[in-house]
Amino acid sequence: MSQTVDRALSILPLLARGPADLGQVAGSLGVHKSTALRLLRTLHEHGLVYRQEDQRYRLGARLFALAQEAVESLDIREIAHPHLVRLNEETGHTVHLAVHEESEVLYIDKVDSRYPVRMYSRVGRPVAITVAAVAKLLLADLPEPERRALAAKLDYPMYTPRSVPDAAAFLRELAAVREQGWATDLGGHEESINCVAAPVRGADGRVVAAMSVSAPNVVVTADELLTLLPLVRRTADAISREYSGTTPAKDTA
């Protein structure tokens with residue numbers, strides 16, 4: 001039974017590369033055509049493969065529906081939270097998780113700093129989109145036409161002398177972030193607050209969320225905070241692997 005299931009499942013990545021006829025499926029599996037046909041019929045009955053008019057088989061609509069249901073059932077906040085807590089315990093600083101929704105970037109989780117002096121932020125509130133490190137990561141992942149259209153529509157308030165002044169500068173910043181794979185806000189929103197951030201990616205490589213560590217410069221300097229970047233990136237990578245299903249979830253109890 002396990003061999004039959006293994007063979008049936010092996011058909012799916014084959015068809016993901018494009019339609020294939022019975023002989024190609026049998027050859028790929030190393031089985032007789034009659035065996036391949038039985039497997040294809042079973043998958044067809046469940047809507048996982050579809051037989052075209054030219055008698056070749058392709059992936060079925062039911063498979064795409066199941067994939068979409070699985071993606072929609074994933075809660076990035078639930079997956080990320082234990083990782084955010086561990087990062088907070090290691091660093092002592094405020095840790096955020098943010099997502100891009102419509103025209104805003106919103107914090108969806110936060111673990112507060114252990115220090116009495118900390119940055120003010122609230123879950124559910126939008127970030128300062130032109131300066132926040134998490135926003136830069138999320139917007140940098142947009143296709144270039146969307147980035148340009150968005151940059152043209154935004155206002156560029158000068159929160160501090162280090163704020164991004166205009167669309168051209170913002171696009172340059174996003175291009176740099178897209179190239180390097182991480183982002184900072186070093187006094188761009190509040191002069192006394194610095195932040196380093198890294199992207200959380202889905203199975204397709206697209207950025208689905210961004211996480212950051214923030215601290216006032218009376219607690220750590222900007223240079224000291226930047227030394228935490230490798231740890232922040234490793235944490236984001238761990239969340240990405242768990243979210244995309246490339247490693248099994250670990251018990252966080």
Give, for atom OH of Tyr50 and atom OH of Tyr57, the distance between the pair rounded to the nearest 0.5 Å. 11.5 Å
Over all heavy atoms of both residues, which pair between Asp112 and Asn88 is shortest? Give the atoms and the distance, please. O-ND2, 2.8 Å
Counting heavy atoms not belonging to Glu179, are there more than 12 under 6.0 Å from its CD? no
Should Leu229 and Val220 be counted in the same cluster of Ile, Leu, Val, Met, Phe, Trp and Tyr side chains packed under 4.5 Å apart? yes
salt_bridge(Arg56, Asp54) N-O dist < 4.0 Å: yes
Given side chains that start at C-beta, do those of Val99 and Val134 come closer than 4.5 Å, heavy atoms only? no
Looking at Leu87, is its backbone amide N or carbonyl O close enough to the side chain of Thr235 to form a donor-acceptor pair, meaning the two atoms are under 3.5 Å apart? no
I'd like to check the side chain to side chain contact (heavy atoms under 4.5 Å, CB included) partners of Ser240; sequence neighbours left out, ordered by chain and number. Val200, Arg201
Grouping I, L, V, M, F, W and Y whenever their side-chain heavy atoms are under 4.5 Å apart, do Leu171 and Leu154 come out in a common cluster? no
Heavy-atom neighbours of Gln52 CD exceed 12 at 6.0 Å: yes
With sequence neighbours left out, the residues meeting side chain to side chain contact (heavy atoms under 4.5 Å, CB included) with Leu22 are Lys33, Ala36, Leu37, Leu40
What pair of heavy atoms forms the shortest contact from Asn194 to Leu186, and how long is it? OD1-CA, 3.2 Å
Does the pair Ile76 and Tyr243 meet the rule for a side-chain contact (heavy atoms from CB on, under 4.5 Å), with working shown? CA-CA 7 Å; Ile76 186 63; Tyr243 180 75; 3.5 Å; yes
Between Asp155 (side chain) and Pro157 (backbone), is there a donor-acceptor pair under 3.5 Å? no
In one Ile/Leu/Val/Met/Phe/Trp/Tyr side-chain cluster, 4.5 Å: Leu138, Val123: no
Report yes if some heavy atom in the side chain of Thr160 is under 4.5 Å from a heavy atom in the side chain of Glu190; otherwise report no. no
Closest heavy-atom contact between Ile193 and Ser214? CG2-CB, 4.5 Å
I need the Leu63 CG to Arg58 CZ distance, nearest 0.5 Å. 11.5 Å
Common cluster, Val85/Ile108, ILVMFWY with side-chain heavy-atom separation under 4.5 Å: yes
Verdict with supporting geometry, Leu231 and Arg234, side-chain contact (heavy atoms from CB on, under 4.5 Å): CA-CA 5 Å; Leu231 178 59; Arg234 286 197 298 272; 3.8 Å; yes
Under 3.5 Å donor-acceptor, Glu224 side chain and Thr221 backbone: yes
What pair of heavy atoms forms the shortest contact from Ala8 to Leu43, and how long is it? O-CD1, 3.6 Å
When you compare the side chains of His44 and Arg41, does any donor N or O come within less than 3.5 Å of an acceptor on the partner? no
Quick one: does Tyr156's side chain have a donor or acceptor within less than 3.5 Å of a partner on Ala151's backbone? yes
Answer yes if the side chains of His93 and Thr91 hold a donor-acceptor pair under 3.5 Å, and no otherwise. no
Close side-chain approach of Arg162 and Glu191, heavy atoms under 4.5 Å: no
Got a second to check how far Asn217's CG is from Asp223's CG, nearest 0.5 Å? 11.5 Å
Any side-chain heavy-atom pair of Leu97 and Lys110 under 4.5 Å: no
Using the side-chain contact (heavy atoms from CB on, under 4.5 Å) rule, take Thr42 and Arg38 through it: C-alpha gap first, then chi angles, then the decisive distance, then the call. CA-CA 6 Å; Thr42 299; Arg38 286 197 300 272; 5.6 Å; no
Apply salt bridge (Lys or Arg N to Asp or Glu O under 4.0 Å) to residues Arg86 and Glu90 and explain how you reach the verdict. CA-CA 6 Å; Arg86 283 195 292 272; Glu90 289 187 60; over 6 Å; no
Parallel, tilted or perpendicular, judged at 30° and 60°: which one describes the rings of Tyr159 and His189? perpendicular
Where Pro199 and Leu137 come nearest, the two heavy atoms and their spacing: N-CD1, 3.7 Å
What is the distance from atom CG of Leu225 to atom SG of Cys195, rounded to the nearest 0.5 Å? 7.5 Å
The reported gap from CG in Leu15 to CD in Gln24 (rounded to nearest 0.5 angstrom) is 9.5 Å
Nearest-0.5 Å distance that lies between atom CD1 in Ile11 and atom CG in Leu48: 10.5 Å
Taking side chain as C-beta onward, heavy atoms only, is Trp182 less than 4.5 Å from Arg233? yes
Cluster check Val127, Phe170: I/L/V/M/F/W/Y, side chain < 4.5 angstrom: yes
Which residue, Leu142, Leu106, Val207, forms the side chain to side chain contact (heavy atoms under 4.5 Å, CB included) with His100? Leu142
May I ask you to decide if Ser34's main-chain N or O and His32's side chain share a donor-acceptor pair within less than 3.5 Å? yes
Candidate pair Arg62 and His46, rule side-chain contact (heavy atoms from CB on, under 4.5 Å), full reasoning: CA-CA 8 Å; Arg62 178 60 179 154; His46 288 275; over 6 Å; no
Looking at side-chain heavy atoms only, is the closest gap between Leu174 and Arg178 below 4.5 Å? no
Taking Arg206 for its side chain and Asp141 for its backbone only, find out whether a donor-acceptor pair lies under 3.5 Å. yes
Taking C-beta and beyond as the side chain, do Val111 and His81 meet within less than 4.5 Å on heavy atoms? yes
Exercise: identify the closest heavy-atom pair between Ser103 and Ile129: O-CD1, 3.7 Å
Is there a side-chain contact between Val95 and Met211 in this structure, where contact means two heavy atoms from C-beta onward sitting under 4.5 Å apart? yes
Crowding at CZ, Arg51 (>12 non-hydrogen neighbours, <6.0 Å): no
